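Treat the numbers as computed from the prediction; the structure is a model and nothing was measured.
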Amino acid sequence: MSKFLKISLFCLGIVLIIFLFGLVRNSKLAIAFLGSFGPGIQDFSKNLTGGYKLYRNSSVDIFIAPDGGWDDETAIIPSKFLK
């Protein structure tokens, strides 16, 4: 690897680190940036009465199902009825 390429990659890394620290300092951008990877900040599950659980996987995927799991014969409440 040439010396020029090594120095260029090092400087690019420094610029990226400075950019990421700038995102972290601005809380709105940090939340938007960090929330775009993996499970969302607002994803959750909540225990309900009767052995059911409310699952929220995204803003449009919210459903109620039995706590121990379900199959084709088990009643669940799909997201289209919860809107």
Side-chain angles (χ1 to χ4, degrees):
M1 223 180 199
S2 71
K3 188 174 185 177
F4 176 74
L5 184 59
K6 289 180 183 179
I7 292 172
S8 298
L9 289 175
F10 178 75
C11 291
L12 180 63
I14 296 293
V15 168
L16 287 174
I17 289 172
I18 292 171
F19 175 72
L20 290 176
F21 278 125
L23 282 178
V24 171
R25 290 185 65 197
N26 186 346
S27 62
K28 290 181 183 178
L29 286 177
I31 290 172
F33 179 72
L34 295 174
S36 63
F37 299 104
I41 295 172
Q42 297 177 353
D43 294 352
F44 67 89
S45 59
K46 175 78 173 151
N47 290 327
L48 301 174
T49 59
Y52 278 81
K53 201 169 198 176
L54 178 118
Y55 296 94
R56 179 179 179 179
N57 297 329
S58 69
S59 62
V60 296
D61 187 21
I62 302 169
F63 63 97
I64 298 173
D67 189 22
W70 63 92
D71 57 16
D72 292 338
E73 298 177 4
T74 308
I76 66 169
I77 303 173
S79 60
K80 66 181 176 181
F81 294 109
L82 297 175
K83 292 180 183 178

Q. If every non-hydrogen atom of Pro66 is compared with every non-hydrogen atom of Tyr52, which pair is closest and at what distance?
A. N-CD2, 3.6 Å
Q) Which pairs pass salt bridge (charged side-chain N to carboxylate O under 4.0 Å, His left out) with one or both residues in residues 62-78, sequence neighbours excluded? A) Lys53-Asp67
Q) Distance from Tyr55 atom OH to Leu48 atom CG, nearest 0.5 Å? A) 9.5 Å
Q: Evaluate the criterion side-chain contact (heavy atoms from CB on, under 4.5 Å) for residue pair Ile62 and Leu54; output intermediate values, then yes/no.
A: CA-CA 7 Å; Ile62 302 169; Leu54 178 118; 4.3 Å; yes
Q: Taking side-chain contact (heavy atoms from CB on, under 4.5 Å) as the test, write out the residues that go with Ile17, two or more places apart.
A: Phe21
**Q.** Separation between OG of Ser2 and CD1 of Ile7, rounded to the nearest 0.5 Å
**A.** 9.0 Å
